[in-house]
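Report on the structure given below.
The residues of the chain are indexed from 1 along the displayed sequence. Numbering of ligands and ligand atoms starts at 1, following listing order.
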Amino acid sequence: MKRITVKMEVNGKEVEREIDPRMLLATFVRDELKLTGTHIGCDTTNCGACTLLLDGKAVKSCTVLAASASGKKVITIEGISKNGTMHPIQKAFVEKHGLQCGFCTPGMIMTSYWLLGKGKKLSREEIRKYLSGNLCRCTGYQGIVDSVEYAAELMESEKAKEKARNR
Ligand code: FES
Ligand code: FES
């Protein structure tokens, strides 16, 4: 099959590759860009392990063609830490035991990143609802919801500190 050229911004860097037009975005970031933090669990849009942000929206990259992401902005789990410092959501998952085997964790964190980026105060029920497309076989979800709640607090306090610094 004729290969095609795709160009996109991934974690703030422009990338360009010649690929099979049937290549999925999950495969593209893992195999072409070696960003293996994006996991592939089911390949059928069920588990959410492959979640990343495409033009600001959380998507399951196992059912998005890499070609359709051309010209867009992608953020993967590797793109949310800054200068080697974990993002508050990552810190919260560590501190509140939001993971066990860790397979679902990049997807959970990327969905939470999108969710908390809305800046709305969320109830535990709402957090559960928004994370319902991300499956975890280990934690029983309690620790995950605790982590997302705690991440919202951390992000809020970081924002307040930033504001105070800029006064
Ligand atoms: S690997 Fe994409 S939803 Fe499971
Ligand atoms: S921590 Fe193992 S699947 Fe979620």
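Ion pair K7/E14 not flagged as a salt bridge, since none of the NZ, NE, NH1 or NH2 atoms sits closer than 4.0 Å to an Asp/Glu carboxylate oxygen.
Note on residues 78-104: pairs passing ring-ring contact (aromatic ring centres under 6.0 Å, His included), not counting sequence neighbours, are H39-F103, H87-Y113.
Distance alone, capped at 3.5 Å, is enough to place a donor-acceptor pair between the K60 side chain and the T45 backbone. The closest donor-acceptor contact from the side chain of T27 to the backbone of M23 lies at 3.5 Å or more, if one exists at all.
Side-chain contact between K73 and N11 is absent, with no heavy-atom pair separated by less than 4.5 Å.
Less than 2.8 Å away from atom 2 (Fe) of ligand 1, the protein contributes these N/O/S atoms: C50 SG, C62 SG.
If you count the protein N, O or S atoms nearer to atom 2 (Fe) of ligand 2 than 2.8 Å, you get 2.
With sequence neighbours left out, Y150 forms a ring-ring contact (aromatic ring centres under 6.0 Å, His included) with no residue at all.
Checked by atom type, the side-chain pair Q100/T139 shows no donor-acceptor distance below 3.5 Å. A side-chain donor from one of T44 and N46 sits under 3.5 Å from a side-chain acceptor of the other.
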Q. Hey, mind stepping through E78 and T76 against side chain to side chain donor-acceptor pair (under 3.5 Å) and telling me if it holds?
A. CA-CA 5 Å; E78 290 87 350; T76 69; 2.7 Å; yes
